[in-house]
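To start, the structure under review is shown below, and the notes come after it.
As the structure is a computational prediction, the values presented were derived from the model and not from experiment.
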Amino acid sequence: MTKRYNILLLLVGIGVFCGCNITKNLDDGELLITKTTIEFENPKEIRNEKKFKSELTNTVKPQPSSGGLNLSTWLYQWGETSKKEKGIRKWLQRNLGKAPALYDAQAQSRNRMRLKTLLKDNGFFRSDVEIDTTVNGKEIEMKYFLRTYGQYRIREIYLPDDSTNIGRLVHENKGESLLVRGDFYNEPLLAKERRRINDLALKAGYLQFNENFVYYFLDTIVGNYNADLYIRVKPPENSGDHVQFKLGKTTVFPNYNLTEPVNTQQLDTVYYSPEMKVVESQHLIAHKVLDRMILQSEGEIVKKERQDISVNHLLDLGVFKFVNLKYQQKGDSLNPVLDRIFYLTPDFNQKVSADLELNNRSGGFYGTAVSANYRHLNLFKKAVQFNTNLSLGVETQIGNNLAFINTFDIGFEAGFSIPRFIVPFKVKRYSGRHVPRTSLTIGNNFQRRSGLFTLNSTNVKFGYQWLETSEKQHTLYPISLNRVQTLQVSERFDSLLNVQKRLKESFQNRLIAGLDYSYVLTKQDTDPRLYFRGNIRTSGNLLQLADEVFGLPKDEEGRAELFTMPYAQFTSVELDLRTYKSFGNNLLALRFSPALGVAYGNSDVLPFIEQFFVGGANSLRAFRLRGIGPGSFARESAPEVGVERQAIDQTGDIKLEMSVEYRFGIWQYFKGAFFVDAGNVWLMNNSEGLNVDFRFDRFYKQIAIGAGIGLRLDIDFIVLRLDIATPVRKPYFNEDFQWSFDRFDFGDNNWRNENLIYNIAIGYPF
């Protein structure tokens, strides 16, 4: 208890010290605003009084220097006294300091006007604001008394005359109006309604229309704090009514140089069609592709939304760095026509990139993974993207009797991405905002673990990617084939397989043939930001149907085969939810990622490459890759050599993974992080009597937890990351899960080797 009282007295002392020093450093005549109070004369007349009062309080500037220990204001003043432009004082002042809220008569006059404006915008047309102050030494409290005489409601809404073009448009779409009779008057809502009407006009082809043509006025004579709202549309200056434009000719400059005027560039004119002219210095892209990307034809009403989509389509090709659209008006006021011109500035068509990841794990294991990627964005001059990726990963263990490289993993993938849907039936021109793509991908992965096994996986995928909106992305592979072969197993590993039936079954040669679908939702314009990814994968269902109808060959164990290999049958679902909340320049990131896989029919267990695991640089960073689970599984000891050391069987059918990370700035491009990761994997069914299967009454007791700190070099185009983590809750042999705090021993070299996990990677973990 004495220790707690000492801490409390210390905190109180710091608060008193900082509070005194804030006013002590003020000049003569300066007063520190310590409190702001807003009071309504007639609070019963205010709707949502608490919320509205908070909005009014936030309008007042500056906000008072109060709350907490006033450390931020004290740090600002401390930095202000330094004569140096750089140094720790100035850094603290800029990053952690807050300028003191000083009283200024002119600023308070502006506050009075701000409050009156906000009251008016919310329907308090007759209101007044009085300001009172209470001075105590060098501190001052501000009190704002709001005198209101009632909040006005909208009794009737009168739309523009429907004899005009825009008036008819407003009447036809009045069901979408944001305004409702009986609601309180709200100025921001009226501004949104003006923008809505403007968008309607632009979509309908009135390209010279803008929201400034929309105005309104109120009639408050009706009494009883009611008002009639009249919405009106101004006519254009040079004609009696707003007019729709029809589309004329289209001209495209596919390799336009922004640094040179058009008349100085060496250009040739090519007529792709009677209504589309291509002007180019060299042939960059097939004209048919350009025509497919550009919506609307000559003679149609020009719709701005379709023109914006055309620009977006051209950018989505990945061939052009800039796309500019300009119009040229011709014709008379009775038959206005717009010719359109697309200026396309090419980007680099070939790109090369590379990634690097380094990590260590308990037992002296050190690993590295590198990958190189080559992309050609305009193959065959048809905006076909060709992508190749080569990845290589190795792992070694210092001071053991295994081979120097005990894990070797090499993968290669090549694919084509075509900017349209390729289907066996005719489809109309895609008018979505983003270009859909059809892709074909072929890959191979070879994995060798010294003293264990050699595994090879060959896969082929054919499918589609498209954006429903800028926030919603779909990926569908109706054809997904993966041929998994165990090429070699060691005698020691084979003996382990014979003991563990599930492990042996998961390493059998299998053909994975099915469907793969994923959905991604991202909301970047909100706070907190949101990311969600859901994936469902199936295998073997159509083959089972074919077996029932036609009868496929069977192996010795009665499993149906295709191409002399049993096919796997399962369904798996994996979710990934992330949210990011900003706190000034700092960020709180959270992740929740569950997964479930169920084998049935032709399979007893999931194939090894389809099983879930946790641990590693982007998962539970306090545990090595596949280093935790399933359930409460824990080895009696950590062997120095042998297959047990590899722990290849720590996978599961169910995964639960959670992370919370607080990211903060340190200095310029350097950033830091505190993080906690938690999770585990479990089996669906366990016939071997071990405590590794998932059960609702105990799974929450089997959550592994790790914590750590991170340092990041965050440049615009790359993030280099170093994370150091240690387990704080994990399973111990014959002890189930236990907290590890009382077992920490940073001075012991063996403890550090087993429990301090370093991860070096590129990019954030999530």
Side-chain angles (χ1 to χ4, degrees), residues 160 162-174 176 193-214 233-254 256 262 269-279 287-317 320 322-345 419 428-435 467 469-470:
D162 61 2
S163 63
T164 64
N165 290 332
I166 304 299
R168 282 195 299 272
L169 195 65
V170 172
H171 277 272
E172 292 169 0
N173 295 273
K174 62 183 179 181
E176 301 175 7
E193 178 69 5
R194 292 176 65 195
R195 289 193 292 271
R196 187 190 71 85
I197 295 174
N198 178 61
D199 291 341
L200 280 176
L202 294 178
K203 289 180 181 179
Y206 298 93
L207 294 191
Q208 291 185 337
F209 192 85
N210 62 68
E211 61 186 66
N212 292 326
F213 284 105
V214 182
V233 177
K234 292 188 294 187
E237 295 181 1
N238 301 325
S239 61
D241 201 355
H242 296 276
V243 295
Q244 291 176 310
F245 286 88
K246 290 187 177 181
L247 189 62
K249 303 293 183 182
T250 299
T251 304
V252 182
F253 291 81
Y256 177 71
V262 176
T269 300
V270 179
Y271 284 91
Y272 168 73
S273 68
E275 62 183 59
M276 179 174 167
K277 179 173 64 174
V278 179
V279 184
H287 303 153
K288 187 176 182 179
V289 175
L290 296 175
D291 183 44
R292 194 167 60 241
M293 297 299 107
I294 298 174
L295 304 182
Q296 293 203 279
S297 302
E298 185 177 2
E300 294 183 18
I301 298 297
V302 182
K303 296 185 178 180
K304 186 178 184 302
E305 183 183 27
R306 293 299 182 94
Q307 306 312 307
D308 292 342
I309 291 175
S310 298
V311 171
N312 211 68
H313 280 185
L314 292 167
L315 285 170
D316 270 1
L317 290 177
F320 304 106
F322 302 109
V323 174
N324 293 304
L325 172 59
K326 295 185 178 180
Y327 299 101
Q328 287 184 349
Q329 184 177 346
K330 64 182 184 180
D332 53 31
S333 59
L334 298 178
N335 187 27
V337 175
L338 285 181
D339 289 341
R340 58 182 175 179
I341 306 172
F342 289 92
Y343 296 96
L344 315 180
T345 303
K428 65 180 181 178
R429 180 179 298 192
Y430 189 76
S431 59
R433 182 163 290 275
H434 299 273
V435 176
L467 286 169
T469 68
S470 59

Checking the side chain of [X] only, and the main-chain atoms of [Y] only, is there a donor and an acceptor separated by less than 3.5 Å?
| X | Y | answer |
| --- | --- | --- |
| Arg168 | Ser163 | yes |
| Thr251 | Lys277 | no |
| Asp316 | Val435 | yes |
| Lys249 | Pro274 | yes |

Exercise for the section: Could you please spell out the steps behind the ring-ring contact (aromatic ring centres under 6.0 Å, His included) verdict for His242 and Tyr206? Expected result: CA-CA 7 Å; His242 296 276; Tyr206 298 93; 7.2 Å; no
Practice task
Scan Lys203, Gln296, Gln244 and name whichever one has a side chain to side chain contact (heavy atoms under 4.5 Å, CB included) with Ile301.
Solution key: Gln244
Practice task
Determine, step by step, whether Glu305 and Asp308 satisfy the side-chain contact (heavy atoms from CB on, under 4.5 Å) criterion, reporting the C-alpha distance in whole Å, the side-chain angles of both residues, the deciding distance to 0.1 Å, and the verdict.
Solution key: CA-CA 5 Å; Glu305 183 183 27; Asp308 292 342; 5.6 Å; no
Rounded distance (nearest 0.5 Å) linking atom [atom1] of [X] with atom [atom2] of [Y]:
| X | Y | atom1 | atom2 | answer |
| --- | --- | --- | --- | --- |
| Lys246 | Lys330 | NZ | NZ | 13.0 Å |
| Ile166 | Asp241 | CD1 | CG | 7.5 Å |
| Leu200 | Asn173 | CG | CG | 4.5 Å |
| Leu338 | Thr250 | CG | OG1 | 11.0 Å |
| Arg196 | Asp199 | CZ | CG | 9.0 Å |
| Lys303 | Leu202 | NZ | CG | 12.5 Å |

Minimal non-hydrogen separation, [X] against [Y], with atom names:
| X | Y | answer |
| --- | --- | --- |
| Val233 | Pro160 | CG2-CG, 3.8 Å |
| Pro254 | Leu290 | CG-CD1, 4.1 Å |
| Leu247 | Val337 | C-CG1, 4.1 Å |
| Met293 | His313 | O-ND1, 3.1 Å |
| Pro336 | Val243 | CG-CG2, 4.0 Å |
| Gly240 | Pro235 | O-CB, 3.8 Å |

Handout entry: 4.5 Å side-chain heavy-atom contact, Arg340 and Ile294
Key = yes
Handout entry: Close side-chain approach of Tyr256 to Thr345, heavy-atom, < 4.5 Å
Key = yes
Problem - Other residues, nucleotides, ligands: >12 heavy atoms within 6.0 Å of Gln328 CD - result: no
Handout entry: side-chain contact (heavy atoms from CB on, under 4.5 Å) between Val214 and Asn198, worked out
Key = CA-CA 8 Å; Val214 182; Asn198 178 61; 5.7 Å; no
Practice task
Specify whether Phe209 and Phe213 have parallel, tilted or perpendicular ring planes, treating 30° as the upper limit for parallel and 60° as the lower limit for perpendicular.
Solution key: parallel
Handout entry: Single hit among Gln307, Arg433, His434 for side-chain hydrogen bond (donor to acceptor under 3.5 Å, both in side chains) with Asn312
Key = His434
